[in-house]
Amino acid sequence: MSLLNELNPVQQKAVLETEGPLLVFAGAGSGKTRVLTYRIAYLIQEKGVRPWNIFAVTFTNKAADEMRERVERLLGTSAKGTWISTFHSACARILRQHIEHLGFKRNFVIYDDQDQERHLKTIMKELNLDFKMFPPRAIQSGLDQLKNAGVTPDQYSPSPYNIFQKRLAVVYQRYQEDLHRNNALDFGDLLTFVTILFRRFPEVRRSYQELCRYVMVDEFQDTNLIQYQLIREMTEAHHNVCVVGDDDQSIYRWRGAEVGNILNFEKDFPEARVITLEQNYRSTQNILEAASHVVRKNRYRKEKKLWTENPEGEPLTFFVAEDEEDEARFVIQKIMEHVSGAKSGRSYRDVAVFYRINAQSRAVEDELVKNRIPYTVVGGMKFYERKEIKDVLAYLKLIDNPSDGLSLKRIINVPSRGIGEKTVEKIEAFSREKGLPLYDGLKQGVEEEWLPPAVKTKMKEFIQLIEAFRKDAGSFTLSQLTLALLAKTGYLQRLKEERTDEAISKMENVDELINVMMGLEQGEEKVSLETFLDKVSLVTDVDLYEDKGNRVSLMTLHCAKGLEFPMVFIVGIEEGLLPHYRRGEEIEDMEEERRLFYVGMTRAKERLFLSRAEERSTFGVGRANLPSRFLDELPVELMQFEEKKGRMESLFSQETPWREHDRQTEMMPEDLSQEISFAEEGGLVLSPEGFFPLKIGMRVRHPKFGEGRVKSVEGMDENQKATVVFQNVGAKRLKVRYANLEILE
DNA sequence: GTCTCTAACCTTTTT
DNA sequence: GGTTAGAGAC
């Protein structure tokens, strides 16, 4: 029974109540993941449940991986067979088995929302819909809402007085038809198709119900209607469903999440038991109290009293900056103080900066770069959303599933091979008329009279290229296939010829993609093209975030959920930003913004810094923002107001470089002396002067290898290594200290 | 058909 | 301040 010894009595109860429906309200930092993992381990080890009868759902792949790892650690063996995954991957897996029942082929592709938007735009163009009157974004979100609610095109009855709805209905119909022709599913379809499958094929549903003897749902407050429906169907036979969540941390209403799911759970499952975890193990008393104080203002919530045995801790620090630059300087100054300065003892990895919208990262990034502080941004432009990556993936998708017209359109003329827009339009119309996938239309079109012979030759060449790859795809590994593709299509060659910074960075990204593939190929299992594409389609920002070295983390408040850091900054606490004004006017929207703030605050373990700027530039235009109403909700006695330092100075020092330098050294004379002595003892060299000046993208010259460009930099100490791509000899990984690099720009 | 330059948009948050 | 779609030149 050693498993239970490490849990508090309430947590124990949550683990032991294995039979029947169970709702666990888990406050921030109350050991939610701990309960779930111990529960799984307990079921397997003590109750003798077979691993494949356990199904645990999370929202991110990262959370799923982490859970599996922790269960394995508890059990001491592998948890093989336990089904731990996200809603979307689980559904993809089910559909790969049974989708033929629904008239799709098993090698369907998954369209992400970028694909979805492109696809929608073509349809809207074909239907002659004015983008101004019907913004594609609005149509897209309307579509998503319908899907999240489980409404199929033929079930949707728009109001006859609402033009938008009427158009939406037409687009929806056409959109789904096209997806079918392309043998493709979007994110929403993954879920809805499984419910349709279950409804129409009871024997399939029963087989999964039989399998899912014990079901667990993490972050239950973020489930939407269709996800909840899925859970209910899956647990119909055994009723052993344990949902864990926190209504105060529900921040995805705008995406269709229903807080109602958690608040009404007891109604839907009258026999459900309810356990509330209220002891917080993460934050200091001050942080917890301040956060609770804020969220208590919400009306639609279940009352709970979080408490902690942790020390009281420091008060929260609040700073009013002049503008976002000033705000960033405050953040950096505090980071330096705590990492290398007067109050040193922290590492960069202990620090996180949260903001409401991605665009806010720039100001902070600029300042971090200026001070040579290593950092990572979670989210923003995602690796798998980059143009070049999507191009390569489109080739692979097409090889895997030739019906995928969207991918075909993406690469049919990339790199340009003389098959232009007009030609594609003709073939598109031709294919639609015949009800064929675009690729098949292309193949038939080659025989048609209405195309100029020169174009037909080009088309034939392209078809031959794809066919050749389709034939050989099985005998290559993923990376081999991709490398061959890049060579044969001339994609890399074209980039090489461009010789722009942008092209170089694209090549590096493609290179990185190959690296990812090679990494996967190191594993024991063979990675099929299909598994790889599935995996890639369903990754999220947070999945890609791992503790890569000692760096400050920057992310949106949404991304921060589920993470924790000793030192947290929340910037831009202003009316319009937090709460964000693009929100609706409903109370529910305002409450969600408040919860967002609450989620951010409760990520902090020891220190919490809050700030706002008097003026902030959006789209390059300055704008004065009022302090956020949420600031008034913070208890004053827990706050410490940071004095604005050197106001005059910053007025003078704007553009004068010597002044800039002056201020840096002035700012932390103690820090410097400390760092230097630390360095003498053989520790890390961290003084600003001691930093190695290499940055990604810099052009450098090596005495032997000649000119090159810095691709990546590892480490910030004397062992720093850099990977440099040289024009003549290719990529080399060098120890910066010995490399004698000369910086060219 | 391809390339380049300008103007309009833009910023929520994402599986 | 940056990106992207669309117009215009070749």
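Being a predicted model, the structure only gives us computed values, none of them experimental. Chain letters run A, B, ... following the sequence lines, proteins first, then strands; residues in each count from 1.
- Aromatic stacking of Trp254(A) on dT13(B): satisfied, with centres closer than 5.5 Å and planes within an angle under 30 degrees.
- Here the P atom of nucleotide dC10(B) and the CD atom of Gln360(A) are 18 Å apart, to the nearest Å.
- Formation of a donor-acceptor pair under 3.5 Å by the Gln97(A) side chain with backbone atoms of Arg93(A) is not found in this model.
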Every protein N/O within reach of nucleotides 3-9 of chain B N/O, cut-off under 3.5 Å:
none

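- Interface remark: the Arg356(A) side chain does form a donor-acceptor pair with the dT13(B) base, using a distance-only criterion of under 3.5 Å.
- In this structure, His580(A) packs face-to-face on the six-membered ring of dT12(B), meeting both the 5.5 Å centre cutoff and the 30° plane limit.
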If pairs are Watson-Crick or G-U with both distances under 3.5 Å, what is the dot-bracket string of DNA chain B, marking crossing pairs with [ ] and pairs to another strand with |?
|||||||||......
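- Backbone-only engagement by Thr423(A) is indicated by non-hydrogen atom pairs under 4.0 Å involving sugar-phosphate atoms exclusively.
- Residues Gly418(A) and Arg362(A) each lie close to DNA chain B; by heavy-atom proximity, the contact nearer the 5' end of the strand is made by Gly418(A).
- Rounded to an integer number of Å, the gap from Leu596(A) CG to dT13(B) P is 11 Å.
- Evaluation of Phe619(A) against the base of dT11(B) yields no stacking contact (centre distance < 5.5 Å, interplanar angle < 30° required).
- Considering only residues two or more places apart in sequence or on other chains, Tyr172(A) meets the ring pair (Phe, Tyr, Trp, His ring centres under 6.0 Å) condition with none of them.
- Residue Asn413(A) is in sugar-phosphate contact alone, with no base atom involved, counting any heavy-atom pair closer than 4.0 Å across all strands shown.
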